[in-house]
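Let me begin by presenting the structure, written as C-alpha cells, before commenting on it.
Note that the numbering runs from 1 along the sequence shown for the chain. Every number for a ligand or one of its atoms is a count from 1 in the order of the listing. Nothing here was measured: the structure is a model prediction, and the numbers come from that model.
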Amino acid sequence: MRTIKIIALAATVIVAGLTIASSATIVGTPHDFSGRLWGTTETCKFCHTPHFAQSVSGAPLWNHQTASGFTYTMYSSQTFKGQNQTQPGAASLLCLSCHDGTVAIDSYANAGAMRSGANFISTTNKIGGGAQHSLTTDHPISFTYDSALATADGALVSPAATNYVDNASATGIPLFGGKMECASCHEPHNDTYGFFLRVNNASSALCTKCHLK
Ligand code: HEC
Ligand code: HEC
Ligand code: HEC
Ligand code: HEC
C-alpha cells in the first residue's frame, strides 16, 4: 500500500514537471522569485494577489509597492512626434516599481499589508535611473500610438486596434488604452526569447513589428 502511494506520488511529480517544461511560463525565469526565501514560495504574489490588491488604477490586481512621490523625465527628441505623453502609465509603473531601483523587489503585500523588503534590482537591469527618475535614454513610452501618428511619422505600422498593433493573439504587440508601454515590447511572464521580449529580436524583428525601416 505504502509503495503504491509513493509510486503514484512520484508519477504526479514527473507529470507536473513535464507540464511546466512544455509551456512557457514565468516559472524558472528571472521573474520567478519563489525560491529566494523572501517570505513566500508563491510565484505570482510578488506582483499580483487575488484579494486585497493595492489600488493602482488600471493595473491588474497589483500586489507590489509602487514607485511614487516623484516625477519621471520622459523621452523627447527633435523628431519624436508622440502625442499625449504622460508620466508612465499603469502597466509601465508596475515594471518601474522594481526596475527604477527605488523600491525593493521583495516589497509586496500580505493581505494588503505592505512588507518592507531589502533586496534591490541589479545595476544592469535598472531602468528609469534610480534617484534621477529619468527615462530620457530609453525607448519612448506612455504616448498615444494611433493611425494619426503613423501618418505623421511616415514609416510606422498603423495599429490595427486601440489595444493592438497587429492582432489580439498571445504573440501580438499590445497597446494599453491606445498607448505604448514597456509591456508592448516585453511579456513579463515569458522569457522564451530572452529579455522577456514579445518576439524574437533577431534581425531586429521586434522593432520592425512597428517601424517600417
Ligand atoms: C515580476 C512581476 C510579475 C509576476 C511575478 C507575475 N506577473 Fe502577471 N503581470 C505583471 C505585469 C507588469 C503585468 C502588466 C503588463 C502586462 O499586461 O503584460 C501583468 C499582467 C498580468 C495579467 C493581465 C494581463 C495578461 O497578460 O493577461 C494576468 C492575468 C497576470 N499578469 C497573471 C499572472 C500570474 C497568474 C502570475 C503567476 C503565475 C503572474 N502574473 C506573475 C507582472 C508580473
Ligand atoms: C517584482 C519586481 C519586478 C517587476 C514588477 C518587474 N521586474 Fe523585471 N526583473 C526583476 C528582477 C529582480 C530581475 C532579475 C535581474 C536582477 O536581479 O537584477 C528582472 C529582470 C528583467 C529583465 C532582464 C531579463 C534577462 O533575461 O536578463 C527584463 C527585460 C525585465 N525584467 C523587464 C521587466 C518589465 C518590462 C516589467 C514590467 C512589464 C518587469 N520587468 C517587472 C524584477 C521585476
Ligand atoms: C521598443 C521596445 C521596448 C520598450 C518600449 C522597452 N524595452 Fe526594455 N528592452 C527592449 C529590448 C529589445 C531589450 C534587449 C536589450 C537589447 O537589445 O539591447 C530590452 C532590455 C531590457 C532590460 C534588460 C537590461 C538591458 O537594458 O539590456 C530591462 C530591465 C528592460 N528592458 C526593462 C524595460 C522597462 C522597465 C521598460 C519601460 C520603462 C522597457 N524595458 C521598455 C525593448 C524595449
Ligand atoms: C510597439 C511598437 C514599437 C516597437 C516594437 C518599437 N518601436 Fe520604436 N517607436 C515606436 C513609436 C510609435 C515611436 C514614436 C515615433 C514618432 O515619434 O514618430 C517610436 C520611436 C522610436 C525612436 C525615436 C524616434 C525619434 O524621433 O525620436 C527610435 C530611434 C526607435 N523608436 C527605435 C526602435 C528600435 C530600435 C526598436 C526595436 C528595439 C523599436 N523602436 C521598437 C514604436 C515602436
re atom 26 (O) of ligand 2, the protein heavy-atom contact at minimum distance is F195 N, 3.4 Å
List ligand 2 atoms under 4.0 Å from H64, heavy atoms only on the residue side.
1 (C)
Looking only at protein heavy atoms, identify the closest one to atom 5 (C) of ligand 2 and say how far it is in Å.
L94 O, 3.3 Å
How far is atom 13 (C) of ligand 3 from its nearest protein heavy atom, and which residue and atom name does that atom have?
L197 CD2, 4.0 Å
Between the candidates G117, S122, A104, which shows the shortest non-hydrogen contact distance to atom 16 (C) of ligand 2?
S122
Counting only nitrogen or oxygen atoms and a 3.5 angstrom limit, does S184 reach ligand 4?
no
Measure A91 to ligand 2 on non-hydrogen atoms and call it side chain, backbone, both or neither using the 4.0 Å cut-off.
neither
Could you list which atoms of ligand 2 come closer than 4.0 Å to a heavy atom of H186?
29 (C), 35 (C)
Minimum-distance protein heavy atom relative to atom 4 (C) of ligand 3:
C185 SG, 3.4 Å
Which bit of Y108 is near ligand 2, meaning a heavy atom under 4.0 Å away: side chain, backbone, both or neither?
neither
Has ligand 4 got any nitrogen or oxygen that is less than 3.5 angstrom from a nitrogen or oxygen of N201?
no
Does some non-hydrogen atom of the protein lie less than 4.0 angstrom from atom 29 (C) of ligand 4?
no
Just need the protein heavy atom nearest to atom 36 (C) of ligand 3, so name the residue and atom and give the distance.
C182 SG, 2.8 Å
Report the protein N/O/S neighbours of atom 8 (Fe) of ligand 2 that fall below 2.8 Å; do not count waters.
H31 NE2, H99 NE2
Ranked by distance from atom 42 (C) of ligand 2, the top protein heavy atom is F33 CZ, 3.6 Å
So does D106 pair up with R115, basic N to acidic O under 4.0 Å?
yes
Using a heavy-atom cut-off of under 4.0 Å, does the side chain or the backbone of T124 touch ligand 2, or both, or neither?
neither
Determine, counting only non-hydrogen atoms of the protein, whether one lies under 4.0 angstrom from atom 22 (C) of ligand 4.
no
Under-2.8 Å protein N/O/S neighbours of atom 8 (Fe) of ligand 4, ordered by chain then residue number
H139 NE2, H211 NE2
